[in-house]
Enquirer: 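This is the structure I have questions about; it appears just below.
Only heavy atoms go into these numbers, but all of them, side chains included; no hydrogens, no water, no symmetry mates. Read the numbers this way: they start at 1 and go in the same order the structure lists the ligands and their atoms.
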Amino acid sequence: MKDFIPIPDLMNAQKVLVLVPHPDDAELVAGGTIAMLTAKGVHVEYVIASDGSRGGFDPTISEAEMAAVRRKEQAQAARILGVEHITWLGFQDTEVPAPNVVRKPIISLLRKIQPDFVITIDPWLPYEGHPDHRQTSMAAVEACLFSSLPMVQMEDLANGLTPWQVTGIALALSPKPNTFINVEDTWEKKIQSLKCHESQFPQEIWDTFYPIICLKSQEYGKAIGAEKAEAFKVLTAAHLHVMPDTWNC
Ligand SMILES: [Zn+2]
């Protein structure tokens with residue numbers, strides 16, 4: 001039963017929308033894969049839900065100043081990975097609202113950009129304590145389900161958009177990954193892009209954090225005989241509704 005719906009190949013994607021809660025999440029969870037895709041000529045865009053305004057460690061600057069810093073850092077990181085465009089949804093950092101609010105602009109963007117693949121975070125990651133991560137990732141999944149339904153957000157159709165069904169949804173930070181991407185060749189780019197987020201990684205934080213991401217990527221790499229890999233649970237929209245076997249896909 002679990003093999004009934006084939007799992008699409010993320011590396012065959014033609015156009016990818018990466019939907020994440022904060023600046024730096026895309027590089028952290030999928031930077032090596034994004035660089036692999038863009039090197040093949042795949043069009044990759046980001047959608048970032050929050051403004052990142054509460055993510056720094058310097059309380060002497062305002063939230064607006066912090067948001068501006070985060071935008072600049074994110075633009076640099078995206079440039080390194082070959083990402084073509086960033087859409088900021090602009091929700092308040094730490095206060096990203098419920099999925100039924102966040103999914104609205106995402107549904108419209110899916111219909112406008114028409115990606116065949118979405119990369120987001122697995123909303124069923126146990127012990128994820130950050131509400132922005134839970135809300136954004138669930139909104140992304142809901143949007144992938146609803147973007148193909150013509151009676152959802154009919155105003156989109158009145159605005160010239162058409163219903164759109166993605167081929168695949170790649171969930172990063174999944175407790176049950178089914179796809180491992182060899183990122184040995186793009187690891188340096190991933191690290192360079194992560195380091196663009198200077199406000200997030202003061203030296204002492206980087207020194208703790210870097211060994212953890214190295215170890216995790218090596219652990220994922222073992223699944224495919226690579227030195228370093230990123231991992232995803234890749235599904236179709238059909239896996240994400242009334243399918244008890246999806247956990248084991
Ligand atoms: Zn985040």
Enquirer: If you stand at the Zn ion (ligand 1) and look out to OD1 of D25 and NE2 of H133, what angle do those two lines make, to 10°?
Expert: 100°
Enquirer: Given V18 and E45, is the side chain to side chain contact (heavy atoms under 4.5 Å, CB included) satisfied, shown in steps?
Expert: CA-CA 6 Å; V18 182; E45 294 193 26; over 6 Å; no
Enquirer: Indicate yes or no: at least one non-hydrogen side-chain atom of Y46 is less than 4.5 angstrom from one of L19.
Expert: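 Answer no - side chains too far apart.
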Enquirer: Between P23 and H197, is any pair of side-chain heavy atoms under 4.5 Å apart?
Expert: yes
Enquirer: Quickly, which of F209, F57, Y210 forms a ring-ring contact (aromatic ring centres under 6.0 Å, His included) with F201? Name it, please.
Expert: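 The residue from F209, F57, Y210 that satisfies ring-ring contact (aromatic ring centres under 6.0 Å, His included) with F201 turns out to be F209.
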Enquirer: Looking at the Zn ion (ligand 1), is there an N, O or S atom belonging to D132 that lies under 2.8 Å away from it?
Expert: no
Enquirer: Can you tell me if, anywhere in H22, an N/O/S atom lies at a distance from the Zn ion (ligand 1) that is smaller than 2.8 Å?
Expert: yes
